[in-house]
Peer 1: 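Could you have a look at this structure, given as structure tokens, before my questions?
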Amino acid sequence: MAPSPTGFFHVGSARTALYNWLFAQHNKGKFILRVEDTDVERSSEDMIKVVLEGMAWLGMGQYEGPYYQSKRMDIYKKHIEKLIKEGKAYYCYCNPQDLKKERQAAYEKKEDWKYDRRCLNLSKAERAEKEKSNTPKAVRFLVPDHGVTYKDIVYGEISRDSKDIEDFIIQRANGTPTYNLACVVDDYEMEITHVIRGADHITNTPKQILLYEALNLQKPEFAHLPLILGKDKSKLSKRHGAVSLREYQEKGFLPDALVNYLALLGWSPGDDQEIFIRNGKLDKDMLANRFMLDRVNSANAVFDITKLEWMNQQYIMQLSHPEFKQLLKPFIIKSGLMTAQDIEGNSDWIQKVCDLMQPRLKTLSDIDKNGRFFFKDDFTYEHDTLKKHLDKETLHIMQKLLQVIKEIHPFDDAGEIEIKLRDYGSDNNLKVKQWIHPLRVYVTGCAGGPPLFDTLQLIGKERCVKRINNILKEYGRLND
RNA sequence: GGCGCCAUCGUCUAGUGGCCUAGGACAUCGCUCUCUCAAGGCGAAGAUCACGGGUUCAAAUCCCGUUGGCGCUACCA
């Protein structure tokens with residue numbers, strides 16, 4: 001796992017971690033977390049913290065490690081020196097900026113460009129001079145001239161000609177090893193049996209295999225995972241919207257739902273099972289039991305937020321009522337619906353509101369959009385819906401209904417409220433839809449929502465009366 | 001440009017030579033339930049299996065080519 005220099009935990013990385021985790025569980029193997037922070041400038045404690053927190057949130061908090069590559073520099077150095085001694089790697093004194101220019105120039109002319117081994121072919125005198133002037137030197141791997149073929153668990157046979165691999169850098173001028181070298185050494189030292197990572201690493205793999213061979217180390221198996229794409233089919237990135245785990249957390253996605261969704265993005269069990277819930281929760285063991293690397297698809301997959309939302313709702317509905325309330329609380333507070341203290345003081349009321357809203361939310365943060373009228377008076381009325389219920393007759397009916405509501409006390413039993421209102425309706429030969437829809441709109445601003453009488457009861461008589469009155473006052477006269 | 005990988009409904013996928021007049025899920029649209037919404041149930045629509053050639057009695061499935069998409073092409077990982 002690499003710390004993200006952009007400071008967030010990408011859902012793609014999360015899926016890679018998840019597949020590694022599932023694979024380890026399935027095979028009763030060890031799941032090791034290794035932080036690939038060889039590039040000091042691009043790593044920091046904060047970035048690593050984000051990754052660790054993300055892992056914990058997704059329920060993959062138990063792992064061996066983390067091990068930090070930045071703390072294992074001497075190990076890599078040993079291997080690099082060995083390669084140099086054996087003539088399998090060489091010093092390169094070239095200036096990176098110059099090389100970059102050359103490369104760019106070639107690219108603009110639509111030509112292929114590869115490092116031309118000029119430093120390998122330096123004469124003794126030239127070399128001595130570079131050394132004398134203290135020119136910074138990196139170490140390049142001398143790519144042998146046989147090609148590489150390996151069998152990828154998901155992609156099958158992949159091969160690459162040696163002429164298409166340049167003598168890549170294995171140690172920077174500042175003395176730190178690069179990723180390709182460090183991960184090879186570590187995968188061997190840590191006895192990694194399976195390397196499972198994104199398909200964007202496919203072209204690195206032949207380089208690494210060459211390194212294993214040059215170092216005479218046992219190779220692991222490789223499995224590359226299809227990329228997660230945005231709507232426009234390019235690699236999922238920030239410009240597609242939310243890509244960081246934290247954003248999903250803040251939107252109110254449940255980790256279980258995200259894990260379930262991610263598991264299915266590129267993998268399928270082979271039958272029609274899509275939801276891995278047992279006893280109201282994601283059953284990771286069941287998932288892991290069914291998980292097989294060779295059932296991973298090789299085609300890239302578009303991230304579909306709509307399906308994630310559906311899945312999230314499935315998981316929300318499975319939560320026990322107290323659990324749901326507990327999870328929803330922070331979102332109620334964050335949306336300014338209620339303060340933490342108010343929630344404490346109105347525990348029963350909150351629980352009832354939660355019960356009503358639970359099956360109606362795709363994400364936890366939807367409480368603000370869908371349930372604001374329970375908490376606040378500043379909710380917005382659906383303009384077109386309200387307009388439908390402002391004719392003279394309806395206003396008249398509502399005027400009468402308002403009186404009925406005023407006379408209901410106590411106002412603490414939804415069933416009682418329902419009986420009183422229905423009685424009034426039938427006594428006056430009103431059709432149910434003549435008064436029930438307008439009543440809902442006047443009080444909640446919405447055409448749809450939780451059962452009306454429960455809603456009225458929870459909003460309370462005083463607020464119901466006030467809201468109906470406001471509508472009557474505002475529109476009553478205009479329609480006379 | 002070079003190299004690599006990929007290609008089944010809008011999206012995620014099942015399919016590994018005959019069970020495929022291609023199955024499921026999300027989304028969409030109906031109907032049903034209901035005070036409404038959500039959920040649920042039922043149903044519809046949606047894929048000439050990218051295209052063109054082979055191989056075979058038989059191809060979504062194997063082979064070749066074309067096209068398209070994506071990835072890599074760093075002293076990032």
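Proteins get letters first, then strands, A, B, ... in listed order; numbering begins at 1 in each.
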Peer 1: Looking at every strand, decide which applies to A:Tyr107 at a 4.0 Å heavy-atom threshold: base, sugar-phosphate, or nothing.
Peer 2: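 If one applies the 4.0 Å heavy-atom cut-off, A:Tyr107 turns out to touch a base.
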Peer 1: Tell me the interatomic distance from A:Glu157, atom CD, to B:rC6, atom C1', rounded to whole angstroms.
Peer 2: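 Rounded to whole Å, this separation is 17 Å.
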Peer 1: Assert yes or no for the condition that the ring centre distance of A:Trp267 to A:Phe291 is strictly below 6.0 Å.
Peer 2: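 When the ring centroids of A:Trp267 and A:Phe291 are compared, they turn out to be within the sub-6.0 Å range.
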Peer 1: Using the P atom on both, measure B:rU32 against B:rU21 and round to a whole Å.
Peer 2: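 Per the computed distance, 35 Å lies between those P atoms.
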Peer 1: Say we look at B:rC57 and B:rG52: how far apart would their C1' atoms be, to the nearest angstrom?
Peer 2: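 Straight-line distance between the two C1' atoms is 23 Å.
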Peer 1: Grab the CG-C1' distance between A:Asn297 and B:rG69 for me, whole Å please.
Peer 2: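 Going from CG in A:Asn297 over to C1' in B:rG69 covers 15 Å.
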Peer 1: Base, sugar-phosphate, or nothing: which does A:Cys183 touch, judged by heavy atoms less than 4.0 Å apart?
Peer 2: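 Answer is nothing: A:Cys183 stays at 4.0 Å or more from every strand.
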Peer 1: Between B:rC75, B:rU11, B:rC70, spot the one nearest the side chain of A:Asp304, thanks.
Peer 2: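 For the A:Asp304 side chain, the nearest candidate turns out to be B:rU11.
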Peer 1: Heavy atoms only, 4.0 Å cut-off, all strands: where does A:Gly198 land among base, sugar-phosphate and nothing?
Peer 2: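 Since no nucleic acid heavy atom lies under 4.0 Å of A:Gly198, the category is nothing.
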Peer 1: Atom CH2 of A:Trp267 to atom P of B:rA25: distance rounded to whole Å?
Peer 2: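 Roughly 17 Å, once rounded to whole Å.
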Peer 1: Base, sugar-phosphate, or nothing: which does A:Lys235 touch, judged by heavy atoms less than 4.0 Å apart?
Peer 2: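 Sugar-phosphate: the residue A:Lys235, judged by heavy atoms under 4.0 Å, touches backbone atoms but no base.
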Peer 1: Write down the distance between NZ (A:Lys114) and P (B:rG4), rounded to a whole number of angstrom.
Peer 2: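 Rounded to whole Å, this separation is 13 Å.
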Peer 1: Taking a pair as Watson-Crick or G-U wobble with both distances under 3.5 Å, which nucleotide is matched to B:rA25?
Peer 2: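 By the stated definition (distances under 3.5 Å), B:rU11 pairs with B:rA25.
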Peer 1: Does the ring center of A:His437 lie less than 6.0 Å from the ring center of A:Tyr442?
Peer 2: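 Centroid distance A:His437-A:Tyr442: not below 6.0 Å, so no.
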Peer 1: Using a 4.0 Å heavy-atom cut-off across all strands, classify A:Ser159 as base, sugar-phosphate, or nothing.
Peer 2: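 Sugar-phosphate contact only - A:Ser159 comes under 4.0 Å of backbone atoms but never of a base.
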Peer 1: Taking the minimum atom-to-atom distance to the side chain of A:Arg160, which one of B:rC3, B:rC70, B:rA74 wins?
Peer 2: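 In terms of side-chain proximity for A:Arg160, the closest of B:rC3, B:rC70, B:rA74 is B:rC3.
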Peer 1: Please measure how far the P atom in B:rU16 lies from the corresponding atom in B:rA60, and state the result in whole Å.
Peer 2: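 Between the two P atoms, the distance is 13 Å.
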Peer 1: For B:rC33 versus B:rC42, give the span between their P atoms, rounded off to a whole number of Å.
Peer 2: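 The answer is 15 Å between these two P atoms.
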Peer 1: Atom NZ of A:Lys109 and atom P of B:rG2: how far apart are they, to the nearest Å?
Peer 2: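 These atoms are roughly 16 Å apart.
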Peer 1: Tell me the interatomic distance from A:Tyr179, atom OH, to B:rA77, atom P, rounded to whole angstroms.
Peer 2: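 Atom OH in A:Tyr179 sits about 9 Å away from atom P in B:rA77.
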Peer 1: Would you mind classifying the nucleic acid contact of A:Ala301 as base, sugar-phosphate or nothing, using non-hydrogen atoms under 4.0 angstrom?
Peer 2: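 Result for A:Ala301 = sugar-phosphate.
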Peer 1: Within this structure, what is the CZ-to-P distance between A:Arg15 and B:rU13, rounded to whole angstrom?
Peer 2: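 One finds 9 Å between P of B:rU13 and CZ of A:Arg15, rounded.
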Peer 1: Are A:Tyr261 and A:Phe303 close enough that their ring centres sit under 6.0 Å apart?
Peer 2: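 Distance test on ring centres: under 6.0 Å, yes.
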Peer 1: Assign A:His201 to base, sugar-phosphate, or nothing according to its heavy-atom contacts below 4.0 angstrom with the strands shown.
Peer 2: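 Result for A:His201 = base.
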Peer 1: Is the ring pair A:Tyr381/A:Phe379 parallel, tilted or perpendicular, if the boundaries are 30 and 60 degrees?
Peer 2: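 It falls in the tilted class, 30° to 60°.
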Peer 1: Rounded to whole angstrom, note down the C1' distance from B:rC19 over to B:rA58.
Peer 2: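 Taking atom C1' in both B:rC19 and B:rA58, they lie 14 Å apart.
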Peer 1: Using the P atoms only, state how far B:rC63 lies from B:rG10, rounded to an integer number of Å.
Peer 2: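 Taking atom P in both B:rG10 and B:rC63, they lie 26 Å apart.
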Peer 1: Compute whether any side-chain donor of one residue and acceptor of the other, for A:Tyr68 and A:Glu36, lie under 3.5 angstrom apart.
Peer 2: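 No - no donor-acceptor pair under 3.5 Å links their side chains.
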Peer 1: Closest approach to the side chain of A:Asp272, judged atom by atom: which nucleotide of B:rG24, B:rG2, B:rC72 is it?
Peer 2: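 Looking only at heavy atoms from C-beta outward on A:Asp272, the closest nucleotide is B:rG24.
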Peer 1: If the C1' atom of B:rG1 is compared with that of B:rG18, how far apart are they to the nearest Å?
Peer 2: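 Rounded to whole Å, the distance is 45 Å.
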Peer 1: Using distance alone, with no hydrogens and no angle criterion, decide if A:Ser44 and A:Asp46 have a side-chain donor and acceptor under 3.5 Å apart.
Peer 2: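 No, no side-chain donor-acceptor contact under 3.5 Å.
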Peer 1: Return the value, rounded to whole Å, for the distance between atom CG of A:Asp164 and atom P of B:rG1.
Peer 2: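 The distance from CG of A:Asp164 to P of B:rG1 comes to 16 Å, rounded to the nearest Å.
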Peer 1: OP1 or OP2 of B:rA77 less than 4.0 angstrom from a side-chain nitrogen or oxygen of A:Thr38, does that happen here?
Peer 2: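 For B:rA77, OP1 or OP2 has a side-chain N or O of A:Thr38 closer than 4.0 Å.
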Peer 1: In whole Å, what separates the P atom of B:rC20 from that of B:rA59?
Peer 2: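 To the nearest whole Å, 16 Å.
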Peer 1: Here's a test for you: under side-chain hydrogen bond (donor to acceptor under 3.5 Å, both in side chains), which of A:His194, A:Gln208, A:Arg34 qualifies with A:Asp187?
Peer 2: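 Answer to the side-chain hydrogen bond (donor to acceptor under 3.5 Å, both in side chains) test with A:Asp187 among A:His194, A:Gln208, A:Arg34: A:Arg34.
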Peer 1: Closest approach to the side chain of A:Glu36, judged atom by atom: which nucleotide of B:rG4, B:rC75, B:rA77 is it?
Peer 2: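 So the side chain of A:Glu36 is nearest to B:rA77.
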Peer 1: Report, as a single string ordered 5' to 3', how protein heavy atoms within less than 4.0 Å touch nucleotides 29-49 of chain B: B base, S sugar-phosphate only, - not at all.
Peer 2: ------BBBSSS---------
Peer 1: May I ask you to say what A:Arg103 touches in the nucleic acid, namely base, sugar-phosphate or nothing, with a heavy-atom cut-off under 4.0 Å?
Peer 2: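 Sugar-phosphate only.
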Peer 1: CG/A:Leu18 to CZ/A:Arg15 distance, rounded to the nearest 0.5 angstrom?
Peer 2: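 Answer for the CG-CZ pair, A:Leu18 versus A:Arg15, is 9.0 Å.
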Peer 1: Return whichever of A:Leu265 or A:Leu229 has its heavy-atom-nearest nucleotide of RNA chain B closer to the 5' end.
Peer 2: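 Comparing both residues, the 5'-ward one is A:Leu265.
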Peer 1: Using atom types as modelled and distance alone, determine if a side-chain donor or acceptor of A:Thr16 lies under 3.5 Å from a backbone N or O of A:Gly12.
Peer 2: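 Yes, because the side chain of A:Thr16 sits within donor-acceptor range (under 3.5 Å) of the backbone of A:Gly12.
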